[in-house]
Number of protein chains: 2
Amino acid sequence: MSLLVLEDFFPFHTRIFYRQVSSAVTRVYETRYGLKPYEWRTMVILGPDGEFTANEIVTKSSMDKVSVSRAITALKARKWILSKANKADGRSRLLRLSSAGKAVYDDLAPLMLEVERKLLSVYSEEEVAELRRLMAKLANQDSAKFIV
Amino acid sequence: MSLLVLEDFFPFHTRIFYRQVSSAVTRVYETRYGLKPYEWRTMVILGPDGEFTANEIVTKSSMDKVSVSRAITALKARKWILSKANKADGRSRLLRLSSAGKAVYDDLAPLMLEVERKLLSVYSEEEVAELRRLMAKLANQDSAKFIV
DNA sequence: TTGACTTAGTTTCAAATGAAATCAAATGTA
DNA sequence: TACATTTGATTTCATTTGAAACTAAGTCAA
């Protein structure tokens, strides 16, 4: 007789763990600049001097293309990103942070690294390495493998 | 000069990892019974013979009380849960799975444990124990600790 | 070329979400 | 007892989300 107990169920703990991490991270850019997760991640992908198309941002961030499209619209409205024509492909445009956008990025980036440091400070260095390795191991599997 | 690179950023990997786990799990009850995450989790909390108030379900599952309320409404509409007056407190009602609900639970529970088994099969037994320990270690911290 | 197909990005629409307001019962206190 | 406060649960409302449809540009094969 198989027994399903939420407190023992691995996916349950994954969710709790994920929330602890993401809420700590989100709080920073949300309270400081009213940025949404998709917007912040888009800024991180672009970085201080990156230049990418919307599609490249989607690929690098593994976010939804609709969300990225909306994040770009919002960041353009705030004048935090600039776009120019993409000679290689007229359907897309090349995006980069404006100097205002870069200022926000420069303010936030060290804070985000500080949250990461605080989160990981509960572990030893070896534990961090091991946790990263274990998470990657499952994340890198083909999801088709887990269909029942 | 601190450098923020998404591919090295711990919260980024946490999100990818979480999605791998939750999408595998959700697929099962979603495709089989059209259940939503909140509904399924409510059923798990109740289990074959549990009897709880909405509030107890909220506490045990760490879900939002609005979502639990809606899950209960949906499950009642499907006649998968029954409720009766709570003598101890007239504001709440005691909930449990109906026999139809139990049948769904009995069908799904082994499948959910099977997904869990498949997910964890990429690890050795020691790795599973270590991963659970590491996730719990961070999850159990007071979130106030991570405010920057 | 030209017509079929693919790809980049946006818009639409319906569903999911949660904070805040609300309702109703319980409890505490004067 | 009455009145204020707290608590369990639901409803409202505004926001977030993503699948599917759509638009526009690019590619390819005949």
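The chains referred to below are lettered A, B, ... by the order of the sequence lines, with proteins before strands, and numbering in each begins at 1.
Along DNA chain D, the nucleotide closest to A/Ala88 and the one closest to A/Pro37 are compared, and the more 5′ of them pairs with A/Pro37. Comparing B/Arg70 and A/Lys65 against DNA chain D, the residue whose closest nucleotide sits nearer the 5' end is B/Arg70.
Counting to the nearest Å, the P atom of C/dG18 and the NZ atom of A/Lys36 are 16 Å from each other. Atom CG in B/Asp64 sits roughly 15 Å away from atom P in C/dA16 (whole-Å rounding). What separates CZ of B/Arg93 from C1' of C/dC23 is a distance of 16 Å, to the nearest Å. At whole-Å resolution of the value, CG in B/Leu35 and P in C/dA16 are 12 Å apart. Taking atom CE of A/Met63 as the reference point, atom P of D/dA19 lies 15 Å away to the nearest angstrom. A straight line from CG of B/Asn86 to C1' of D/dG8 spans 10 Å, rounded to a whole angstrom. Taking atom NZ of A/Lys87 as the reference point, atom C1' of D/dG26 lies 18 Å away to the nearest angstrom. Put simply, CZ on A/Arg15 is 11 Å from P on C/dT17, counting in whole angstrom units.
B/Thr53 comes within 4.0 angstrom of the backbone, heavy atoms only, and of no base.
A salt bridge links B/Glu114 to B/Arg117: at least one charged side-chain nitrogen sits closer than 4.0 Å to a carboxylate oxygen.
Distance from the side chain of B/Asn55 is smallest for D/dG8 among the nucleotides D/dG8, D/dA24, D/dT12. Distances from the side chain of B/Arg91 to the nucleotides D/dA9, D/dG26, C/dA26 place C/dA26 closest.
No more than 12 heavy atoms of other residues, nucleotides or ligands shown are found within 6.0 angstrom of CD on A/Glu125. Counting non-hydrogen atoms of neighbouring residues, nucleotides and ligands closer than 6.0 angstrom, the NZ atom of B/Lys137 exceeds 12 such neighbours.
In this structure, B/Arg41 is positioned above the aromatic face of B/Tyr38, its NZ or CZ under 6.0 Å from the six-membered ring centre and within 45° of the axis.
Between D/dA9 and B/Ser92, a contact under 4.0 Å exists linking OP1 or OP2 to a side-chain N or O. Between A/Ser69 and C/dT10 there is a side-chain N or O to OP1 or OP2 distance below 4.0 Å. OP1 and OP2 of C/dA15 both lie 4.0 Å or more from every side-chain N or O belonging to B/Tyr38.
Considering only heavy atoms from C-beta on, B/Lys118 stays 4.5 Å or farther from A/Gln141 through its side chain.
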